[in-house]
2 protein chains.
Amino acid sequence: MASDQTRSAILAAAERLYAVRGFGDVTLRDIVAEANVNLAAVNYHFGSKDELIAELFVTRSIALNRERLAELKTAEEQGDGRASVDVILRALVGPTLHGCLGPANQRSTAARFMIRASIESVPPIRRIKNREIDHLRKFAAAMRRALPDRSDEEIYWGLHFALAMAHHTIRESERLTKLSDGRCDLDDVDGIIERVVGMAVMGLTAGKAESKAPAKVAAR
Amino acid sequence: MASDQTRSAILAAAERLYAVRGFGDVTLRDIVAEANVNLAAVNYHFGSKDELIAELFVTRSIALNRERLAELKTAEEQGDGRASVDVILRALVGPTLHGCLGPANQRSTAARFMIRASIESVPPIRRIKNREIDHLRKFAAAMRRALPDRSDEEIYWGLHFALAMAHHTIRESERLTKLSDGRCDLDDVDGIIERVVGMAVMGLTAGKAESKAPAKVAAR
DNA sequence: GATAGTTTCATACAACTGTTTGAATTGCAA
DNA sequence: TTGCAATTCAAACAGTTGTATGAAACTATC
């Protein structure tokens, strides 16, 4: 309980190393060297390596989900309990994209860490991700209120595809840059968000009149 | 050169184990036990564990890419060197989705292996994936012919999003089923393909008249 | 049927992994 | 200061990993 100094040094060092080198080849010995603490400190403070990784990921996940829900809640309050489709989608994919993309040289360690977590999917992280379903259900519910005429199936596919585009863009941003010879601007995060949201809105509202304002779907 | 029996037994056993248990916890000893061969046989026939994995993945990748290109070529020949947007997209995402989705109990070992490869992303596989850019360029070129008015940027984003939806559906099919309480039918592969293609077509052609037939975008 | 080349085999190797141990040290309360 | 708990430390542990070795078994050629 006393200092907590060692504990946070380990957390910081671990996140830094995982962010840069991935989970695959970072050992406990690397971490304690980076943190300037003793090897046994990890097991003393966290119990095991997996629990260290889990704590790292849970912390960031909670923060991310909190942000998403806050955005959703604000939007629904302003809209009399009903937010528009594009606003809901922006609350879903915006925080992630803002957190993980943007100019590479100014990405936070936390962002790089979450990118790794999104790419490598090591067991302790996978276990946590599986519990995030409840979180998504809240967005499904919001979307149901925004599109009362759409079937649940359509809504789930819409949310699924929105997340697909967001996560894939994060995971494969390097490849997209290379493929397009830099013509796709991965630094313009807001542009990307509008692109993703625009596509998802089209998918969710295609063939029906929207119940709210048509939303500015054009990207850039 | 002689028998090749051992070699293929190793390949088959390795693919089977990786497909079921993932790359994370399958050791060479597991593989040789499953294949009923000696431990040293792997290094004798493949050089190293990584090269074994690479050969496995390259084989499947080549087959997949061949299938995609064949579909594209057929379509372009039938259309006087110009295929329609939806047909190009179907050639891009169809083979992958057909190969990896469908009723879980009748998925081939190869399909399960490719799903694993898509989820876990171990170093030797990542190295190979990075060389697949040329392959994508061919689809970009075909798309440019189909949509001469669209900018390269729009085309790359369109292809990127199409792949995003396809791969994410494969990676997260379990989660989508759980989230939607089974309302999203992951066994109807053709339905999924139409859904993905439909979305991508909308994204690529939004705001402009299509140069070919409007394509049946509605899913199911 | 001897021989040369290929393939198999049991075994050892060397390195690295996360974890544990028990003693030393520290910090704080009485 | 004394005593007690929390923390740090060096060292070792136990297990696993991929790989290398050298002899044995095989196979096909002459």
Side-chain angles (χ1 to χ4, degrees), chain A residues 1-58 113 116-117 120-128, chain B residues 1-58 113 116-117 120-128:
Chain A
M1 198 179 292
S3 78
D4 251 8
Q5 209 170 341
T6 306
R7 215 186 123 88
S8 15
I10 292 173
L11 283 170
E15 184 167 48
R16 218 175 311 140
L17 288 181
Y18 285 141
V20 174
R21 292 167 30 195
F23 298 96
D25 58 13
V26 172
T27 71
L28 285 186
R29 283 170 176 81
D30 294 333
I31 294 173
V32 299
E34 174 88 1
N36 277 312
V37 302
N38 187 272
L39 174 59
V42 173
N43 291 279
Y44 178 79
H45 286 281
F46 299 93
S48 72
K49 189 192 190 185
D50 277 12
E51 291 177 80
L52 166 61
I53 296 179
E55 172 152 346
L56 235 24
F57 184 69
V58 164
F113 173 81
R116 284 288 179 189
E120 292 194 24
S121 147
V122 49
I125 289 184
R126 215 170 317 157
R127 278 192 283 273
I128 295 163
Chain B
M1 199 179 292
S3 78
D4 251 8
Q5 210 171 340
T6 306
R7 219 187 119 88
S8 15
I10 292 172
L11 283 170
E15 185 168 46
R16 218 175 311 141
L17 287 182
Y18 286 141
V20 174
R21 290 165 34 193
F23 297 96
D25 56 14
V26 172
T27 71
L28 284 187
R29 283 167 178 82
D30 293 333
I31 294 173
V32 299
E34 174 89 0
N36 277 313
V37 301
N38 187 272
L39 174 59
V42 172
N43 289 280
Y44 177 78
H45 285 281
F46 298 92
S48 70
K49 188 191 190 185
D50 277 12
E51 290 177 80
L52 165 61
I53 295 179
E55 172 153 344
L56 235 24
F57 184 69
V58 165
F113 173 81
R116 285 287 179 190
E120 291 195 21
S121 144
V122 47
I125 289 186
R126 214 169 319 157
R127 278 192 284 270
I128 295 163

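Residue numbers begin at 1 in each chain, while the letters A, B, ... track the order of the sequences. All heavy atoms count here, side chains included; hydrogens, waters and symmetry mates do not.
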Rounded distance (Å) that lies between atom [atom2] of [N] and atom [atom1] of [X]:
X       : N      : atom1 : atom2 : value
B/Glu51 : D/dT19 : CD    : C1'   : 12 Å
A/Asp4  : C/dT26 : CG    : P     : 20 Å
B/Asn36 : C/dT8  : CG    : P     : 13 Å
B/Gln5  : D/dC26 : CD    : C1'   : 13 Å

Heavy-atom distance under 4.5 Å between the side chains of A/Leu11 and A/Leu56, does that happen here? yes

Considering all heavy atoms of both residues, which atom of [X] and which atom of [Y] are nearest to each other, and what is their separation?
X       : Y        : result
B/Val37 : B/Ala41  : CG2-CB, 4.2 Å
B/Ala35 : B/Ala9   : CB-O, 3.5 Å
B/Ala19 : B/Phe113 : CB-N, 3.6 Å

Sorted by chain and residue number, the salt bridge (charged side-chain N to carboxylate O under 4.0 Å, His left out) partners of A/Glu34 (sequence neighbours excluded) come out as A/Arg16

Applying salt bridge (charged side-chain N to carboxylate O under 4.0 Å, His left out) to A/Arg21 and not counting sequence neighbours gives A/Asp30

Query raised in the report: Is there a side-chain polar atom (N or O) of A/His45 under 4.0 Å from OP1 or OP2 of D/dA6?
Result: no

Residue pairs passing the salt bridge (Lys or Arg N to Asp or Glu O under 4.0 Å) test with at least one member in residues 39-53 of chain B, sequence neighbours excluded, are B/Asp50-B/Arg127

Residues pairing under ring pair (Phe, Tyr, Trp, His ring centres under 6.0 Å) where one sits in residues 25-45 of chain A, two or more places apart or in two chains, turn out to be none

Its contact letters, B for base, S for sugar-phosphate only and - for none at protein heavy atoms under 4.0 Å, make nucleotides 12-21 of chain C read B----BBBBB

The correct set of residues in residues 10-24 of chain B placing a heavy atom under 4.0 Å from DNA chain D is none

